[in-house]
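Lettering follows sequence order; numbering is per chain, from 1. Side chains are part of it too, since the values below use all heavy atoms of this structure and drop only hydrogens, waters and symmetry mates. Since this is a predicted model, take the numbers as computed values, not measurements.
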Amino acid sequence: MATEKSFFTEVYKVVRKIPKGKVSTYGAIAEACGTRLSARMVGWAMNAAHTVTPPVPAHRVVNRNGLLSGKHHFGSPTLMEDLLKSEGIKVKDDQIIDFEKHLWIPKSKPLLSPKK
DNA sequence: ACCGTGACTGGCA
DNA sequence: ATGCCAGCCACGG
């Protein structure tokens, strides 16, 4: 919290850009925000994602393996996969099926965008 | 100002 | 193939 304007905001903004029915990885988001070297920060931003407004679709954000790493942080262990299923994404054993097919990479790079 | 923590990733044993 | 270790950045106490 503290300053609402921070690296977190960048992450939220990117995550919110994720189209419905698609998912993204921490590495991709980290890269989009300029901190690909530290995907941890992305996860950390997500930690506060449910405390900010508008709510960030963190359920579309998974780890590199397509595993619902943060599903346990949603409040309900089945909330995350349920949301993904609602988007047309199939989840099996906390893992996204055809993860690569649903994988979406943020093309908007706030820090590396040469021209937009 | 320092240390610890954190929903990750990649490499090495 | 699986497991463990180290690196990375940012925020909180």
* Structure fact -> Between A:Val61 and A:Met46, the two heavy atoms sitting closest are CG2-SD, 3.9 Å
* Scan residues 57-64 of chain A against DNA chain B and write down, sorted by residue number, each residue with any heavy atom closer than 4.0 Å; if none is found, say none. => A:Ala58, A:Asn63, A:Arg64
* Hey, what do you get for CG (A:Asn63) to CG (A:Leu68), rounding to the nearest 0.5 Å? -> 8.0 Å
Interface polar pairs with nucleotides 11-13 of chain B, N/O, under 3.5 angstrom:
none

* Within a strict 4.5 Å, meaning less than it, do heavy atoms of the A:His50 and A:Pro55 side chains meet? -> no
* Structure fact -> A:Met46 CE to B:dT5 C1', in whole Å, measures 18 Å
* For the atom pair CZ (A:Phe8) and OG1 (A:Thr51), what is the distance rounded to the nearest 0.5 Å? -> 9.0 Å
* Asked: Is the number of heavy atoms from other residues, nucleotides or ligands within 6.0 Å of NZ (A:Lys90) greater than 12?
  -> no
* Structure fact -> The reported gap from NE2 in A:His72 to OG1 in A:Thr78 (rounded to nearest 0.5 angstrom) is 10.5 Å
* Side-chain heavy atoms of A:Met80 within contact of A:Val62, under 4.5 Å -> yes
* Straight-line distance of A:Ile29 CD1 to A:Thr25 OG1, nearest 0.5 Å -> 6.5 Å
Could you list the protein-to-nucleotides 8-10 of chain C atom pairs, N/O on both sides, closer than 3.5 Å?
residue: C:dC8; atom: N3; partner: A:Arg40; partner atom: NH1; Å: 3.2
residue: C:dC9; atom: O4'; partner: A:Ser38; partner atom: OG; Å: 2.9

Show me the donor-acceptor pairs, under 3.5 Å and distance only, between side chains in residues 91-99 of chain A and residues at least two apart or in other chains.
residue: A:Asp94; atom: OD1; partner: A:Lys71; partner atom: NZ; Å: 3.3
residue: A:Asp94; atom: OD2; partner: A:Lys71; partner atom: NZ; Å: 3.3

* Taking atom OG1 of A:Thr53 and atom OH of A:Tyr12, what is their separation to the nearest 0.5 Å? -> 10.0 Å
* Can you give the dot-bracket line for DNA chain C, where a pair is Watson-Crick or G-U wobble with both atom distances under 3.5 Å, crossing pairs use [ ], and | marks a partner on another strand? -> .||||||.|||||
* A:His102 and A:Arg60, any side-chain heavy atoms less than 4.5 Å apart -> no
* Asked: For residues 66-93 of chain A, which residues have at least one heavy atom under 4.0 Å from DNA chain B?
  -> A:Ser69, A:Gly70, A:His73, A:Phe74
* Residue pair A:Pro57 / A:Val15, side-chain heavy-atom distance below 4.5 Å -> yes
* **Within-4.5 Å side-chain heavy-atom neighbours: A:Phe7 and A:Met41** => yes
* Asked: Side-chain contact, heavy-atom cut-off 4.5 Å: A:Val23 with A:Trp104?
  -> no
* Asked: If you measure from OG on A:Ser69 to CZ on A:Arg64, what distance do you get to the nearest 0.5 Å?
  -> 12.5 Å
